[in-house]
Amino acid sequence: MDVRAAVATAAGKPLDVTTVTLDGPKAGEVMVEIKATGICHTDEYTLSGADPEGLFPAILGHEGAGIVVETGPGVTSVKTGDHVIPLYTPECRQCPSCLSRKTNLCTAIRATQGQGVMPDGSSRFSLGGKKLHHYMGTSTFANFTVLPEIAVAKIREDAPFDKVCYIGCGVTTGIGAVLNTAKVEPGAKCIVFGLGGIGLNVIQGLRLAAADMIVGVDINNDKKQWGERFGMTNFVNANDAGGELVAHLVNMTKTSADQIGGADYTFDCTGNVKVMRQALEACHRGWGQSIIIGVAPAGAEIATRPFQLVTGRTWKGTAFGGARGRTDVPKIVDWYMDGKIEIDPMITHSMPLADINKAFDLMHAGKSIRSVVVY
Ligand code: NAD
Ligand code: 022
Ligand code: ZN
């Protein structure tokens, strides 16, 4: 069938909004009508050509929400009419990783997902008879897409697509990093580096976890108001502190009873390896944990003195907030619908598919928290 899509034709070129062909779902697959999609950093990273694993031509997009319109043979967990959020981290519940209960990184379709094809090795998208690659197993920059059944989370039907699409990446990543990866306890002192679409969700996750002190660090003073809006208690402009940033943060977290200082938990939401080091070193000696959420450029390396770890700090990373998509995403949608978490104010821009390239311009200019395309 004909569908409307934004095609990434080549690295560094704007997306081409056009009509492409989508084949129906095969065994174990579902076709979803995408109603809305967010535009996130890795879409930009891949489109720019900086991602060595990026494939072209492709249909990008990994932060969507929509309705199942057709199911392939053998599909049992969802049916036509179900509302779903596509999952770039699937949950098969059968592979060694899913069964381990120790990770959310399901391996069932990992290899083919990275190669931009469906689990049977073929693509459902084409243009003029030529194959288009899928992206992150989701390809939400099209008004219809095909996904493996294990890569959709069924959600309640009263949830607005143009808001809950953000749960497909940013919201779950930020809140999940706090609740699943760090397991922050009430009263904790925390520092969040980078107050963008991820960092603000870390902040609201920390509010949910009843953290006591939530320090936000950014190089953009406009982010002070943004952080406060979601529960940040203190703001530091990293440029004002200069080379003394870590010492300044450690000082802020000191109490009369504890003159060592340092945060119980820190979060890197920048993808900058220098910031990752600051985040680790701003942790409390003996127990502080630093969670890397930001994705650094290919080939980048992190450094610190081993002494930082020997003295009891822990360096961790998280993908999709450690969330098991089919299990956890519907719960996060419920939290939004029950008013436990906020999404609406973070969606600063929305546009039709025809204007999707404007979303990338807004991201480059640092003018948006999240842009959403509404089909
Ligand atoms: P964003 O651009 O909206 O926010 C980044 C923020 O960091 C900006 O406010 C910027 O001013 C600030 N910043 C830049 N340099 C800084 C510095 N030196 N010190 C302090 N702050 C600084 O980006 P985002 O959408 O919030 O995404 C953040 C990162 O998270 C990206 O690297 C993205 O790829 C990654 N991410 C990871 C996962 C995962 O599963 N691990 C999921 C989604 C996004
Ligand atoms: C989403 N991300 C950044 C912004 N929005 C993002 C990028 C990469 C990952 C998670 C979120 C990620 C972390 C670890 C992995 N990925 C590897 C997972 C594995 O090997 O099992 C990752 C994922 C998907 C893809 C590539 C890397 C892909 O589909 N191409 C989850
Ligand atoms: Zn994302």
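Computed from heavy atoms alone, side chains included, the values below leave out hydrogens, waters and symmetry copies. The residues of the chain are indexed from 1 along the displayed sequence. Numbering of ligands and ligand atoms starts at 1, following listing order.
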Between Glu185 and Lys183 (salt bridge meaning N to carboxylate O under 4.0 Å), is one present in this structure?
no

Residue, atom and distance of the protein heavy atom nearest atom 32 (O) of ligand 1 read Val295 N, 3.0 Å

**Study point:** Heavy-atom check, side chain of Phe235 versus side chain of Asp218, under 4.5 Å
**Key:** yes

Taking only non-hydrogen atoms of Cys40 and a 4.0 Å limit, the atoms of ligand 2 in range are 4 (C), 5 (N)

of all protein heavy atoms, closest to atom 33 (C) of ligand 1 is His41 CB, 4.0 Å

| Do the side chains of Met346 and Val171 get nearer than 4.5 Å, heavy atoms only? | no

Value for CD1 (Ile39) from NE2 (His62), rounded to nearest 0.5 Å, stands at 10.0 Å

Counting from 1 in the order shown, the ligand 1 atoms closer than 4.0 Å to a non-hydrogen atom of Arg370 are 25 (O)

for atom 21 (O) of ligand 2, nearest protein heavy atom and its distance come out as Arg110 NE, 3.0 Å

**Asked** With a 4.5 Å limit on heavy-atom distance, are the side chains of Gln278 and Leu249 in contact?
**Response** no

Taking only non-hydrogen atoms of Val275 and a 4.0 Å limit, the atoms of ligand 1 in range are 17 (C), 18 (N), 19 (N)

Notebook entry, point to check: Do Arg124 and Ser126 meet the criterion of a side-chain donor-acceptor pair at a distance under 3.5 Å?
Noted result: no

Smallest heavy-atom separation, Pro148 atom then Ile109 atom, equals CG-CD1, 3.7 Å

Heavy-atom proximity to atom 31 (C) of ligand 2, picking from Thr89, Ile198, Thr103, Ile293, points to Thr89

When rounded to the nearest 0.5 Å, the distance separating OG1 of Thr318 from CZ of Phe267 is 9.5 Å

In ligand 1, the atoms that come under 4.0 Å of a heavy atom of Cys169 are 42 (C), 43 (C)

Counting from 1 in the order shown, the ligand 1 atoms closer than 4.0 Å to a non-hydrogen atom of Gly294 are 29 (C), 30 (O), 32 (O), 35 (C)

Here the gap from Asn221 atom CG to Asp240 atom CG, rounded to the nearest 0.5 Å, amounts to 6.5 Å

Taken to the nearest 0.5 Å, the spacing of Arg277 CZ from Arg305 CZ works out to 6.5 Å

Of all protein heavy atoms, the one nearest atom 4 (O) of ligand 1 is Gly196 CA, 3.3 Å

task: Could you tell me whether ligand 2 has any atom less than 4.0 Å away from a heavy atom of Glu53?
output: no

Tell me, please, if His41 has any N/O/S atom, main chain or side chain, under 2.8 Å from the Zn ion (ligand 3)? no

**Asked** So do the side chains of His349 and Lys358 get within less than 4.5 Å of each other, counting heavy atoms only?
**Response** no

Of all protein heavy atoms, the one nearest atom 30 (N) of ligand 2 is Met136 CG, 4.0 Å

Heavy-atom proximity to atom 8 (C) of ligand 2 ranks first, among Thr138, Val295, Thr318, Thr112, for Val295

Margin query: Quick check on Cys169 - does any of its heavy atoms sit under 4.0 Å from an atom of ligand 2?
Written below: yes

With Thr145 as partner, the option from Ile34, Ile59, Thr138 fulfilling side chain to side chain contact (heavy atoms under 4.5 Å, CB included) is Ile34

protein heavy-atom neighbour closest to atom 1 (C) of ligand 2 works out as Thr42 CG2, 3.3 Å

Rounded to the nearest 0.5 angstrom, the CD-CD distance for Glu281 and Gln308 is 4.0 Å

*Has ligand 1 got any nitrogen or oxygen that is less than 3.5 angstrom from a nitrogen or oxygen of Ala319?*
no

Within 4.0 Å of some non-hydrogen atom of Thr318, the atoms of ligand 1 are 39 (C), 40 (O), 41 (N)

**Heteroatom proximity flag, His62 to ligand 2, N/O under 3.5 Å** = yes

Among Leu200, Asp218, Ile198, the residue with a heavy atom nearest to atom 21 (N) of ligand 1 is Asp218

Item checked: Min side-chain heavy-atom separation Arg326-Pro90 under 4.5 Å -> no

Could you tell me whether some N/O pair between Cys40 and ligand 1 is separated by less than 3.5 angstrom? no

Honestly, for His41 the part within reach of ligand 2 (heavy atoms, under 4.0 Å) is neither

The residue among Thr42, Leu87, Thr46, Leu60 that forms side chain to side chain contact (heavy atoms under 4.5 Å, CB included) with Met136 is Thr42

for atom 14 (C) of ligand 1, nearest protein heavy atom and its distance come out as Ile219 CD1, 3.8 Å

Ranked by distance from atom 14 (C) of ligand 2, the top protein heavy atom is Ala319 CB, 3.9 Å

So for Phe320 against ligand 1, with non-hydrogen atoms under 4.0 Å, the contacting part is backbone

For Gly197, the ligand 1 atoms with a heavy-atom partner under 4.0 Å come out as 3 (O), 24 (P), 25 (O), 26 (O)

Under 4.0 Å from one or more heavy atoms of Leu105, ligand 2 contributes atoms 18 (C)

Quick look: His62 vs ligand 1, heavy-atom contacts under 4.0 Å, and the answer is neither

for atom 7 (O) of ligand 1, nearest protein heavy atom and its distance come out as Gly194 CA, 3.3 Å

Cys269 heavy atoms within 4.0 Å reach ligand 1 at atoms 5 (C), 28 (C), 29 (C)

Contact with ligand 2 for Gln113, non-hydrogen, under 4.0 angstrom = yes

Counting heavy atoms under 4.0 Å, the part of Lys223 that contacts ligand 1 is side chain

On a heavy-atom basis, the closest approach of Pro96 and Thr107 is CD-OG1, 4.4 Å

Quiz prompt | Student check: side-chain heavy atoms of Ile292 and Ile302 closer than 4.5 Å | solution = yes

Atom 36 (N) of ligand 1 has as its nearest protein heavy atom Ile293 O, 3.8 Å

The closest protein heavy-atom partner of atom 22 (C) of ligand 1 is Thr270 CG2, 3.7 Å

Checklist entry - If we only count heavy atoms from C-beta on, is the Tyr375 to Lys35 side-chain gap below 4.5 Å? => result no

- Find out whether Phe193 and Asn272 are in side-chain contact, i.e. whether some heavy atom of one side chain is under 4.5 Å from a heavy atom of the other. no

